[in-house]
Protein chains: 2
Amino acid sequence: MEEDRYQDVCTYVRRLIEQGQLRPGDRLPTERALSQDLGVSRGTVRDGLRLLESMGVLESRQGSGNYLSNHMGQYLAQSLHFMLLLGEIDYQSINRMRRAIELQSYRIAIQTSTPEQVQGLWRIQEELERTRSAEKDEAFHDAIIDLGGDPLMRIVSDALSDVIGHLITQFLTRGAQDLLHQTLDTHRRMIEYLEQRRVDAGCAAITRHYDIIDTEIARWQAERRTI
Amino acid sequence: MEEDRYQDVCTYVRRLIEQGQLRPGDRLPTERALSQDLGVSRGTVRDGLRLLESMGVLESRQGSGNYLSNHMGQYLAQSLHFMLLLGEIDYQSINRMRRAIELQSYRIAIQTSTPEQVQGLWRIQEELERTRSAEKDEAFHDAIIDLGGDPLMRIVSDALSDVIGHLITQFLTRGAQDLLHQTLDTHRRMIEYLEQRRVDAGCAAITRHYDIIDTEIARWQAERRTI
DNA sequence: CCACATTTGTACGTATGTATC
DNA sequence: CGATACATACGTACAAATGTG
């Protein structure tokens, strides 16, 4: 039997993108149209499109069409979940990657940040100190990443947050008072040193922050093992 | 029509993993067996399995069976390629992420590396200086990541190398002599400072190394735009 | 080395459900 | 409401790789 028909679909779409005939957000030809153009059945077209969808290249909307997507983070998060499940990685590893991304973003931010952006961080921090919610904590770190302005770091960071988020929530809501105070303290130092352009001191604060989380993860894992 | 049958397949496999009945490398029940167990057609089973395969959770071997996999790097690399193609990220972004990962790995390595591991780096560096091949350059950076010992960083790093590799090859083989000399110089300093446990100096060398690549990427992009 | 059963790979057709316009 | 388009599921058939006897 002739093969690779459904991969022809992937190649066909890729060509359309490379030739500039398709841009993010654009609607693809209908599945039946692709079926006729490529001389394959609609089922085969769907095989190809689903492969692209699983990679986050396109998004299918029932009753409307298939659209070129430009956000692939969701699928990265799913993969990370399975990697955790399979024991290929652990929460410490997630935390290390977050630390690496935040340090790099911070270094960029310290060279580019404006007073307005620093003010924005203070506002988030004030809300965090008032509400003590995990959402605001995530918003704070997201803001740092955004100051770095790198889209890939944002995508990876979002996926990592998605995986480790519930753990952070648990630490902040059910953890010791010490943990919360130290978290808020390192946050404040991060903003202060950013304002003063003291990159080494700021990176030290970030390092301290993630060391605290690292310790907390280790403690949590120890508890889990004994239960 | 009743729906989500193929997602039941994903859930079923996930349960098998969670319950410890399936470990990485294990063979899944045959598609026909799953078909009977879950009361769905083989095509539906394949829909579910292919979804897992596209996420790097399992690997299908024709004539043999479906095996639980524990490497999803390839999937990540494919996604990155499309993100580049769609303009969601660029090579500068790839380079920034590599820099972040290598800096973090280096910081860990400087606390844990043994004289034997440092010797291993020198050996790779000697080969690189003799052959001046891009493969050895990648081997050098891989070795640094490995010293960090974090599996997630290794996975992401591999995917990034897969995407940016051809560009590095081009820089090293067709670039100016200056570029090659500076690359070799920063490499040597990275090893020396690792040996001397001088973390700040080492990180500065890495920063310098990636700044050089960054400049080269900018130059390359400028050339492409004029062509 | 060959023959064979098993298993996955690919493709097709068909039918029906459901969201969009 | 109807037309369109995607979502899901089933069945069938044959190709190709694997493993075994």
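A, B, ... follow the sequence lines: proteins, then strands. Residue 1 opens every chain.
OP1 or OP2 of D:dC10 has at least one side-chain nitrogen or oxygen of B:T44 nearer than 4.0 Å. Contact between the side-chain N/O atoms of B:S64 and the OP1/OP2 oxygens of C:dT6 is not found at any separation under 4.0 Å. For D:dC6, one of the phosphate oxygens OP1 or OP2 lies less than 4.0 angstrom from a side-chain nitrogen or oxygen of A:N66. Under 4.0 angstrom from either OP1 or OP2 of C:dT10 there lies at least one side-chain N or O belonging to B:R50. Within the structure, a side-chain polar atom (N or O) of B:S60 is placed less than 4.0 Å from OP1 or OP2 of C:dG9. Contact between the side-chain N/O atoms of A:R46 and the OP1/OP2 oxygens of D:dA7 is found at a separation under 4.0 Å.
In this structure, B:R123 forms no cation-pi arrangement with B:F140, as its terminal cationic atom is not both closer than 6.0 Å to the ring centre and no more than 45° off the ring axis. Both tests hold for A:R50 against B:Y6: distance to the six-membered ring centre under 6.0 Å, angle to the ring axis within 45°.
Of all nucleotides listed (D:dA15, D:dC6, C:dA11), D:dA15 comes nearest to the side chain of B:Q62. Closest approach to the A:E31 side chain among D:dA7, C:dC12, C:dG9 is made by D:dA7 (side chain taken as heavy atoms from C-beta onward). Which of C:dA11, D:dA9, D:dA5 sits closest to the side chain of A:S41 comes down to C:dA11. Checking C:dT8, D:dA5, D:dA7 against the side-chain heavy atoms of A:R32 singles out D:dA5 as nearest.
Atoms CG (B:D47) and P (C:dT8) sit 15 Å apart, rounded to a whole Å. One atom, CZ of A:R27, and another, P of D:dA5, lie 6 Å apart when rounded to the nearest Å. If you measure from atom CZ of A:R61 to atom P of D:dA7, you get 11 Å, rounded to the nearest angstrom. Computed from coordinates, the A:E59 CD to C:dT20 C1' distance equals 14 Å when rounded to whole Å. Between A:L52 atom CG and D:dC6 atom P there is a gap of 14 Å when expressed in whole angstrom units. Distance, A:L34 CG to D:dA5 P: 12 Å, rounded to whole Å. In this structure, the CZ atom of A:R5 is 15 Å from the P atom of D:dA15, given to the nearest Å. Across the protein-nucleic acid pair, B:Y6 atom OH and D:dC6 atom P stand 16 Å apart, rounded to whole Å.
A side-chain donor from one of B:R107 and B:Q104 sits under 3.5 Å from a side-chain acceptor of the other. Residues B:R98 and B:S161 have side chains that bring a donor and an acceptor to within less than 3.5 angstrom of each other.
Here A:E126 does not pair with A:R130 in a salt bridge; the nearest charged N to carboxylate O distance is not below 4.0 Å. Under the 4.0 Å criterion applied to side-chain N and carboxylate O atoms, A:R154 and A:D158 are assigned as salt-bridge partners.
Judged by distance alone with a 3.5 Å cut-off, a donor-acceptor contact links the side chain of B:R42 to the base of C:dG9.
A:G43 comes within 4.0 angstrom of nothing in the nucleic acid, heavy atoms only.
Nearest-nucleotide assignment on DNA chain C puts the 5′-proximal partner with A:G39, out of A:G39 and A:Y67.
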